[in-house]
Amino acid sequence: NLFKQVVERKRTPAEIREEFERLQREREERRLQQRTNPKGTISVGIDATDLFDRYDEEYEDVQGSSFPQIEINKMHISQSIEAPLTATDTAILSGNLSTQNGNGGGSINLALRRVTSAKGWGELEFGAGDLQGPLFGLKIFRNLTPRCFITTNCALQFSSRGIRPGLTTVLARNLDKNTMGYLQWRWGIQSAMNTSIVRDTKTSHFTVALQLGIPHSFMMVSYQHKFQDEDQTRVKGSLKAGFFGTIVEYGAERKISRHSILGATVSVGVPQGVSLKIKLNRASQTYFFPVHLTDQLLPSAVFYATVGPLVIYFAMHRLIIKPYLRAQKERELEKQRESTASDILQKKQEAEAAVRLMQESVRRIIEAEEARMGLIVVNAWYGKFVNDNSRKNEKVKVIDVTVPLQCLVKDSKLILTEASKVGLPGFYDPCVGEEKSLKVLYQFRGVLHQVMSADNEALRIPKQSHRIDADG
């Protein structure tokens with residue numbers, strides 16, 4: 001039987017080589033990322049209080065007062081990279097610059113970290129800046145038990161006022177699989193005692209914290225709900241109350257591309273007023289834009305801070321982000337089609353040759369099925385189907401696979417597993433990189449049936465649910 005010579009098509013050496021090269025490039029990129037571990041933060045503070053806190057009409061003689069004045073009143077930039085020295089030693093170089101109302105400064109730090117054992121590591125830090133003098137620090141991390149660890153950070157800051165010592169100790173314990181408890185003691189610079197419990201699960205993130213200290217004492221409760229979708233959407237809210245006042249925050253964040261997460265938070269407090277905080281995480285870089293809207297609790301400011309970002313996001317997503325991602329995908333598909341054009345032609349010829357080999361076997365199978373009023377494949381198509389009117393400009397890319405499917409019929413049954421149908425004898429990919437489906441019109445017991453299944457979906461026919469009603 002000639003059909004016994006037809007087997008499932010395997011990948012060619014060229015395809016295997018291309019896949020290996022792609023994986024090698026990704027591995028090198030990950031290795032570089034792990035060795036340098038770059039981290040950066042850019043924060044731009046915006047004063048937009050003139051939008052809501054306007055002067056009275058008696059002050060309108062001030063030049064330029066007819067238009068709201070939106071100003072950048074502070075900026076902060078920080079960057080750090082790592083350089084492995086040995087298997088246990090790592091150097092960390094970091095720097096930061098800060099300005100506020102035209103005044104500011106910066107500093108640069110060098111830290112040397114050594115992993116002393118499987119239970120801990122130590123770090124020496126040296127720093128200097130244009131506003132503060134030299135800084136010397138020592139940080140120690142140690143696992144006390146499998147569920148408990150401690151971190152201690154000692155620092156000496158030299159300034160014109162003399163030496164300012166500081167000590168921070170954090171004791172943490174794993175309370176259960178999803179819950180951590182922290183106890184922090186800070187002495188010297190802003191002395192305080194802080195205790196917090198953090199619970200993180202697949203669907204939520206909950207934090208409660210209590211701090212007693214100088215100058216700030218507060219209690220905070222925060223909750224985040226994580227939606228199980230491909231965009232990794234999170235909705236969060238928190239309440240923070242202390243001697244400084246009360247702050248209520250609520251917001252959301254959403255994944256807008258493979259490496260980017262966009263978030264917005266509204267902060268309403270007394271006496272802080274209303275602020276809008278926008279944050280963009282791009283890989284290991286963070287861009288933060290706190291916008292101060294008003295010093296008072298104005299309902300209009302809260303409304304615009306809540307609705308404005310939503311309207312802007314949905315407009316940007318529909319007009320900019322979605323078209324960009326679609327165009328990027330089309331470019332990748334076109335590039336993939338161009339690189340595989342010759343392979344597609346070869347696979348098509350192989351499939352046609354396989355179909356020719358099947359003809360005699362198919363004829364015998366059809367005769368046997370007709371004799372028992374069994375399963376006969378009338379028509380079968382494989383590829384990309386377009387039924388939506390909004391996508392009528394797209395081309396239908398399907399191939400006829402009636403003969404290959406009929407050849408797989410055995411004892412009036414056709415069973416396909418949860419795998420792509422591209423590898424089946426007589427099949428090939430008519431639309432590389434796009435979603436494909438299999439549509440089958442078949443006859444069983446003299447009655448027409450029809451079914452459409454996704455490429456990776458298992459298929460078993462005949463089924464009563466596939467029957468086409470004679471009335472329809």
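Predicted, not measured: the structure shown is a model, and the values here were computed from it.
- Judged by distance alone, with hydrogens and angles left aside, the side-chain atoms of Asn109 form no donor-acceptor pair with the main-chain N or O of Gly127 at under 3.5 Å.
- Taking a 6.0 Å sphere around CZ of Arg22, one finds it holds more than 12 heavy atoms contributed by other residues, nucleotides or ligands.
- Using a cut-off of 4.0 Å between Lys/Arg side-chain N and Asp/Glu carboxylate O, Glu123 and Lys139 are scored as not salt-bridged.
- Heavy-atom contacts from other residues, nucleotides or ligands closer than 6.0 Å to CE of Met193 number more than 12.
- Residue pairs that meet the ring pair (Phe, Tyr, Trp, His ring centres under 6.0 Å) test with at least one member in residues 307-329, sequence neighbours left out, are Tyr313-His317.
- Atom CD of Glu21 has more than 12 heavy atoms from other residues, nucleotides or ligands within 6.0 Å.
- Salt-bridge check for Glu249 with Lys236: failed, with every basic side-chain N at 4.0 Å or more from each acidic carboxylate O.
- Between Tyr182 and Val198, some side-chain heavy-atom pair lies under the 4.5 Å cut-off.
- Rounded to the nearest 0.5 Å, atoms OG1 (Thr306) and CG (Leu276) are 8.5 Å apart.
- A 4.5 Å side-chain heavy-atom check between Met316 and Ile312 finds at least one atom pair inside the cut-off.
- Contact check on Asp200 versus Lys226 returns a salt bridge, with a Lys/Arg side-chain nitrogen under 4.0 Å from an Asp/Glu carboxylate oxygen.
- The side chain to side chain donor-acceptor pair (under 3.5 Å) check on Thr168 picks up nothing, with sequence neighbours excluded.
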> Would Lys74 and Asp47 satisfy salt bridge (charged side-chain N to carboxylate O under 4.0 Å, His left out), going step by step from the backbone distance to the final call?
Replying inline: CA-CA 9 Å; Lys74 55 185 177 181; Asp47 184 0; over 6 Å; no
> Run the side chain to side chain contact (heavy atoms under 4.5 Å, CB included) check on Ile70 and Leu51 step by step: do they pass?
Replying inline: CA-CA 8 Å; Ile70 299 177; Leu51 290 172; 4.2 Å; yes
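- Heavy-atom contacts from other residues, nucleotides or ligands closer than 6.0 Å to CD of Glu435 number 12 or fewer.
- Results of the side chain to side chain contact (heavy atoms under 4.5 Å, CB included) test with Ser94 over Ser78, Ser80, Ser107 single out Ser80 as the only residue that passes.
- Atom CE of residue Met452 and atom NZ of residue Lys439 lie 4.5 Å apart, to the nearest 0.5 angstrom.
- Contact of the Ile399 side chain with the Trp381 side chain is not registered, since no non-hydrogen atoms from C-beta on lie closer than 4.5 Å.
- Other residues, nucleotides and ligands contribute over 12 non-hydrogen atoms within 6.0 Å of the CG atom of Leu23.
- Taking each heavy atom of Gln69 and Asp50 in turn, the nearest pair found is N-OD2, 2.7 Å.
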>> Using side chain to side chain contact (heavy atoms under 4.5 Å, CB included), reason through Phe206 and Ser222 one step at a time and then give a plain yes or no.
In response: CA-CA 6 Å; Phe206 177 76; Ser222 173; over 6 Å; no
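- A distance of 11.5 Å separates NE2 of His205 from CG of Asn178, quoted to the nearest 0.5 Å.
- Listed by first then second residue, pairs satisfying ring pair (Phe, Tyr, Trp, His ring centres under 6.0 Å) with a partner in residues 75-124 read Trp121-Phe141, not counting sequence neighbours.
- Nearest heavy atoms, Leu297 versus Gly273: CD2-O, 4.5 Å.
- Sorted by first and then second residue, the ring pair (Phe, Tyr, Trp, His ring centres under 6.0 Å) pairs with a member in residues 250-286 form an empty list; sequence neighbours excluded.
- Panel note: side chain Gln190, backbone Ile214; no donor-acceptor pair is recorded below 3.5 Å.
- Ile247 contributes atom CD1, which lies 11.0 Å from atom CE of Met220 (distance to the nearest 0.5 angstrom).
- Between Ala454 and Lys421, the closest heavy-atom pair is O-NZ, 3.9 Å.
- A heavy-atom distance below 4.5 Å is found between the side chains of Tyr223 and Ser204.
- Heavy-atom neighbours of Arg460 CZ from other residues, nucleotides or ligands within 6.0 Å: at or below the threshold of 12.
- Between Arg199 and Asp176 there is a side-chain heavy-atom pair separated by less than 4.5 Å.
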> Taking it one step at a time, do Arg282 and Gln285 satisfy side chain to side chain donor-acceptor pair (under 3.5 Å)?
Replying inline: CA-CA 5 Å; Arg282 173 69 178 172; Gln285 304 295 312; over 6 Å; no
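- Residues Leu293 and Val291 form a side-chain contact, since some pair of their non-hydrogen atoms from C-beta on lies under 4.5 Å apart.
- Rounded to the nearest 0.5 Å, atoms CZ (Phe218) and NZ (Lys240) are 4.5 Å apart.
- Atom CG of residue Leu262 and atom CD1 of residue Ile256 lie 5.0 Å apart, to the nearest 0.5 angstrom.
- In the displayed structure, Leu319 atom CG is contacted under 6.0 Å by more than 12 heavy atoms of other residues, nucleotides or ligands.
- A 4.5 Å side-chain heavy-atom check between Val451 and Leu459 finds at least one atom pair inside the cut-off.
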> Going through the distances and angles, do Asp89 and Arg113 end up as a salt bridge (charged side-chain N to carboxylate O under 4.0 Å, His left out)?
Replying inline: CA-CA 6 Å; Asp89 298 331; Arg113 178 182 298 172; over 6 Å; no
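- Aromatic ring pairs are classed by plane angle as parallel below 30°, tilted from 30° to 60° and perpendicular above 60°; the pair Phe136 and Phe158 is perpendicular.
- Under a 3.5 Å cut-off, the side chain of Asn194 and the backbone N or O of Gln211 do not form any donor-acceptor pair.
- Side-chain contact between Thr90 and Leu112 is absent, with no heavy-atom pair separated by less than 4.5 Å.
- Formation of a donor-acceptor pair under 3.5 Å by the Glu350 side chain with backbone atoms of Lys347 is not found in this model.
- No salt bridge links Glu330 with Arg326; every basic N to acidic carboxylate O contact stays at or beyond 4.0 Å.
- Every side chain to side chain donor-acceptor pair (under 3.5 Å) that Tyr382 has, sequence neighbours left out, goes to Asp455.
- Among residue pairs with one or both ends in residues 263-296, none qualify as ring pair (Phe, Tyr, Trp, His ring centres under 6.0 Å); sequence neighbours excluded.
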